[in-house]
Structure formats: structure tokens, C-alpha cells
Protein chains: 2
Amino acid sequence: MVMSTRTEPETDGIRVAVSTVIFSLRRGARGDRPTIVLPLVRRTRDPHEGRWALPGGWLDRTEELDVAASRTLAETTGLAPSYLEQLYVFGDVGRSPGRVVSIVYWALLREGAKLPADAENVAWFDVADLPPLAFDHEHIVEYALWRLRNKVGYSRIAHGLLPDLFTLAELREVYEAILTRDLDPANFRRQVENSATLIPTERFRTGSHRPARLYRYDQDVELADRGPLPHPTAPFALSREARS
Amino acid sequence: MVMSTRTEPETDGIRVAVSTVIFSLRRGARGDRPTIVLPLVRRTRDPHEGRWALPGGWLDRTEELDVAASRTLAETTGLAPSYLEQLYVFGDVGRSPGRVVSIVYWALLREGAKLPADAENVAWFDVADLPPLAFDHEHIVEYALWRLRNKVGYSRIAHGLLPDLFTLAELREVYEAILTRDLDPANFRRQVENSATLIPTERFRTGSHRPARLYRYDQDVELADRGPLPHPTAPFALSREARS
DNA sequence: ACAAAAGTGTTTCTACTACACCCATGT
DNA sequence: ACATGGGTGTAGTAGAAACACTTTTGT
């Protein structure tokens with residue numbers, strides 16, 4: 001360790017936090033377009049007490065970054081994400097008392113995620129109708145939505161919001177919810193069929209009108225191209241502890 | 001401040017560093033395709049002493065993130081970048097002794113950047129022919145190159161490597177250097193002309209064969225779409241202190 | 001029978017590609 | 001004059017968009 005008696009720039013006292021923007025899907029009344037929702041946590045202590053904020057926490061010294069994101073995600077929702085990616089680092093000097101550098105991830109949860117029964121001060125919000133948020137979290141959510149809308153155009157990321165089996169109409173509705181505009185069902189069908197990322201099954205969704213074929217993921221295709229970055233550490237399977 | 005006597009996860013002792021991958025352009029013998037180059041710093045102290053590393057330094061508690069990136073960039077090259085963007089945060093537990101979270105930026109410098117005369121232990125390297133690097137900097141450079149190659153396809157980012165006036169052939173050579181493949185001059189011309197991001201001037205580059213028209217940037221068009229992110233803080237004009 | 005969603009066919013439009021060709025200058 | 005890079009023209013191709021149409025179910 002190099003010690004110096006000169007007055008040097010102060011590099012200690014910077015705290016590192018990890019937060020996650022968690023997107024999921026909520027289907028409303030039958031026939032309505034589904035909406036993108038995210039869970040927020042009501043703050044119970046000082047800066048911005050009472051305001052809604054992104055789930056997060058302090059980074060532990062021995063904890064990988066994506067594990068920290070998965071951990072806070074699991075603590076909030078009790079679930080493991082179907083997709084997790086680093087979003088951005090927000091570290092403006094004035095964004096929080098003291099100097100806090102927030103490493104923000106964004107994640108997808110499959111449709112129908114339920115908050116654990118013991119979850120207090122946690123609630124789902126429609127991204128189109130958010131309350132005032134703590135810190136600069138409104139900007140963060142806005143940027144995460146921008147990233148999601150971009151990524152949906154050139155990757156299979158929308159599949160991360162759906163269960164294992166789904167119809168093409170359900171997949172299209174996910175795209176429509178993210179892009180907030182209607183898509184032509186005929187052209188949409190051809191595009192995803194030509195992309196060779198879906199496997200048709202012999203099962204059908206009945207109950208209304210003509211049955212629709214169910215599709216499933218091609219597990220060999222990644223949800224999104226992450227470039228040369230390594231894959232995230234497998235999140236510890238908090239939601240799978242119950243299996244036999 | 002909330003104090004606790006329980007044994008809690010340790011969140012102190014994490015250090016925050018800022019590094020920058022700085023790309024510029026080097027033209028070789030006349031007629032050869034230019035190459036993408038970046039400056040590296042030879043480490044003079046312990047972890048990986050003697051190895052080449054990305055320019056960087058510790059984040060000061062009162063310093064904005066992009067200012068820290070600009071600062072280390074200026075300390076290394078004496079110049080201000082034509083483009084600066086956050087790349088990624090690397091924070092693996094094992095990447096460095098102690099826990100270091102590195103916020104990495106990437107930047108472009110216009111062609112022909114010269115290192116300051118007093119620059120010791122700094123040198124330019126062709127990205128296609130790098131020496132072994134310290135820490136995980138090889139992966140970082142690989143990722144930055146991937147981002148550059150992607151971004152060149154959907155933004156005007158290549159202009160950040162050129163001086164104010166340039167020919168279409170020079171611009172095309174930048175694309176070819178980044179993508180490492182030849183482009184059709186005729187089609188390339190039409191693409192950039194249709195993009196309405198260049199303004200033709202009445203000046204021409206002479207000296208060989210038919211003179212080529214010089215173009216300049218349309219200042220109103222951003223180099224790259226940054227989404228809803230705020231623009232970087234204007235880097236303090238270290239290279240412009242001499243004006244009047 | 002009819003409504004409504006599933007699924008197919010067809011035309012148009014646009015953008016990129018390949019490549020032939022002409023233009024203007026230095027040697 | 002001729003070689004060379006600057007610059008234009010044009011036909012072919014692939015994919016997206018628009019929309020008419022057929023199919024299959026529930027009521």
C-alpha cells in the first residue's frame with residue numbers, strides 16, 4: 001500500500017449500490033392488450049422516505065455484480081429472472097446524499113409473476129402510469145424502457161416475458177405492449193416463422209374461436225446477443241428450492 | 001446513520017476506478033487501408049507491473065463519472081475526445097486484488113492525434129496486434145470493439161475519427177477499417193448521401209487523379225443515439241486552454 | 001348461420017447489392 | 001494517351017408493409 005502525506009483527491013467513501021429494473025407482463029380484461037409492469041419498493045428510511053423506488057441494495061465486497069442484482073430481485077419478488085443484463089451506471093455527484101454509484105441491471109420475469117405473500121411495501125405498477133419515484137429512478141426506468149424497446153427489434157427478448165408455451169397472438173401482444181402500437185398479425189407470423197427461433201408443438205389453445213397452435217422456445221437460441229460479454233452467473237435458485 | 005451490532009455483509013472497502021478505451025485512426029503508407037489504434041499505458045506498479053493497460057484512475061468522490069473518464073483521457077493523450085460513452089462496468093470479484101469496480105468508457109479521437117512530448121510509458125497500438133494486457137483489459141477492448149462495430153452500422157459514429165473536412169473515400173476507409181472488409185464505393189456514396197448527415201463543400205482534395213469533393217459534418221446531427229440518457233458533461237477543455 | 005380469430009396468398013414498395021459505365025485529373 | 005480513383009446509372013434481389021382472402025372454431 002502506497003501512503004502519501006500530500007493532500008490528494010479523496011477516493012474513499014464512495015458507496016456502490018446495485019438496483020434492478022424488473023419488467024413483467026400483466027394481462028387485463030380478456031381481449032385487452034397486456035401491459036408492461038414493474039415492481040417498486042416503498043422506501044422506509046430517510047432519503048425520499050415514503051417514495052417508491054427500484055429494488056436494490058448495497059454491493060457486498062465478495063459478491064459478483066449480477067449475483068447482487070439477482071439477490072435483490074429475489075428478495076423483492078421471490079423469483080429468478082428469465083433475463084438479466086447490465087443497464088448502466090448512474091453516479092452523478094448530486095443524485096443522492098453522499099457519493100453513491102448505482103450499478104443498474106434490468107431483468108425480465110415471465111408473465112404472471114406473483115409477489116410473495118409476505119411482501120410488504122412492494123407493489124406492481126404499469127410503466128405507463130408510474131408514481132413519483134425516489135432519486136433519479138424515473139430517468140433510469142425511462143432508459144430501461146428505451147433499451148427494452150430497442151432490443152425487442154433485433155432479438156428474441158420478448159420471449160422472456162412469456163411462459164414455456166404460447167400462441168403467436170400472445171407473442172405478438174407482447175411486442176405490441178412493448179412498442180405501444182399494433183402489428184399486422186399476418187406479417188408478424190411470417191417474420192417469427194422465418195426467424196427460426198420458435199418450435200411449433202402439436203398442442204393448441206382452445207376456448208375461443210379457431211384454436212391457435214402453441215409454440216415453444218428454441219432453447220439453443222439466446223434471448224439476446226450479448227456480444228463478447230460473458231454470460232451472467234446463474235442466479236442461485238431461490239425459487240426452485242422446493243423441487244423434490 | 002443507522003448502526004447495527006449484528007454481523008452484516010461488508011459493503012465498505014470497495015474501490016471505484018474509471019478507465020477508457022480510446023480509439024483513433026492511423027493512416028499507413030499511401031493507398032493502404034488505415035488502421036484503428038488505441039493508446040495503452042505501461043504499468044509501473046504492482047499488480048501486473050510492466051504490462052500494458054488501459055488509461056484510467058481512481059474516481060474522486062466529487063468528480064462526475066464522465067469527467068473522470070475525460071480526465072484520464074486528457075492525462076494520457078493531452079486531447080479532448082470527439083465522442084465519449086459509457087461502455088460497461090467490470091466488477092468481478094477476482095479481477096484484481098481487493099475489490100475493484102471499474103467503470104469503463106470508450107472514446108473516439110480524431111485522426112492524427114499525437115501523444116504529448118512528455119508522455120512516458122504511453123504508446124499507440126494497432127487493435128489487430130495488441131500485446132498481452134493487464135487485468136481483464138483484453139476482454140474490455142474486445143467488447144469495446146464489438147460496440148464500435150455495431151454502432152458504426154446505425155449511427156454517424158465513424159465521423160468522430162475524421163477531421164472537419166474529408167472526402168467520401170476517407171469516410172469509407174474508416175468504415176472499412178472498423179468493419180475489416182471492403183465496401184462498394186458507389187453504394188457507400190449513395191447511402192451516406194441519402195442519410196442527410198453530410199454537407200458538401202465547394203472545396204476539393206487534389207493531388208491524385210480526379211479531385212474529390214470535401215464534405216463536412218452536419219453539426220445538428222448527433223454522432224450516436226444515446227436514447228434518453230443525458231449528454232456527457234463537457235470535458236474541461238484541457239486541450240483548448242491556449243485559445244486567445 | 002354468423003362472428004371472430006387463425007392462418008395463407010398476393011401485390012407493392014423500398015432498400016441494398018452488384019456491376020457496367022462515364023468523368024476528370026496527374027503523369 | 002492512359003491509368004486511376006471520383007462519381008452516375010441500372011437491373012436484380014430480399015424483405016417489409018398493406019390488405020384481400022380462406023379456414024376453423026364457439027355460440
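Within every chain, numbering begins at 1; the chains are lettered A, B, ... in the order of the sequence lines, protein sequences first and strands thereafter.
- Not counting sequence neighbours, the partners of T197(B) by the side chain to side chain contact (heavy atoms under 4.5 Å, CB included) test are R156(B), H159(B), S195(B), V221(B).
- Nucleotide dA5(C) holds its P atom 12 Å from the CD atom of E176(A), rounded to whole Å.
- Rounded to an integer number of Å, the gap from R181(A) CZ to dA16(D) P is 13 Å.
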Inset, instruction - Scan nucleotides 19-27 of chain D nucleotide by nucleotide, 5' to 3', and note B when protein non-hydrogen atoms come under 4.0 Å of the base, S if they reach only the sugar-phosphate, - if neither. - result: B---BBBS-

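- Residues passing the side chain to side chain contact (heavy atoms under 4.5 Å, CB included) test with A169(A), sequence neighbours excluded: T167(A), R172(A).
- Regarding L179(A), its CG atom lies at a distance of 11 Å from the P atom of dA17(D), rounded to whole Å.
- The interatomic distance linking F188(B) (CZ) with dC19(C) (C1') rounds to 19 Å, in whole Å.
- By the side-chain hydrogen bond (donor to acceptor under 3.5 Å, both in side chains) test, E170(B) is found to be paired with R205(B), residues two or more places apart in sequence or in another chain being considered.
- Per the geometry, OH belonging to Y175(A) stands 12 Å off P belonging to dA16(D), to the nearest Å.
- The distance from atom CZ of R213(B) to atom P of dG5(D) is 20 Å, rounded to the nearest whole Å.
- Rounded to an integer number of Å, the gap from CD of E170(A) to P of dG7(C) is 11 Å.
- Scored by the side-chain hydrogen bond (donor to acceptor under 3.5 Å, both in side chains) test, E64(B) finds no partners at all (sequence neighbours excluded).
- Residues that satisfy the side-chain hydrogen bond (donor to acceptor under 3.5 Å, both in side chains) test with D182(B), not counting sequence neighbours, are R33(B).
- Listed in residue order, the members of residues 193-205 of chain B having a heavy atom less than 4.0 Å from DNA chain D come to none.
- Going from atom CZ of R216(B) over to atom CG of L165(B) covers 8.0 Å, rounded to the nearest 0.5 Å.
- Within residues 160-169 of chain B, the residues approached by DNA chain D to less than 4.0 Å at the level of any non-hydrogen atom are A169(B), in residue-number order.
- Judged as a salt bridge (charged side-chain N to carboxylate O under 4.0 Å, His left out), and not counting sequence neighbours, R26(A) has no contacts.
- Partners of A224(B) under the side chain to side chain contact (heavy atoms under 4.5 Å, CB included) rule, at least two apart in sequence or in another chain, are Y83(B), K151(B), S155(B), I157(B).
- Residue pairs meeting the ring-ring contact (aromatic ring centres under 6.0 Å, His included) criterion with at least one partner in residues 183-212 of chain B, sequence neighbours excluded, are Y175(B)-F188(B).
- Under the side chain to side chain contact (heavy atoms under 4.5 Å, CB included) criterion, N187(A) pairs with D184(A), R190(A), sequence neighbours left out.
- Taking atom CZ of residue R189(A) and atom C1' of nucleotide dG9(C), one finds them 13 Å apart after rounding to whole Å.
- The minimum heavy-atom distance linking F125(B) with L130(B) is given by the pair CB-CD2, 3.7 Å.
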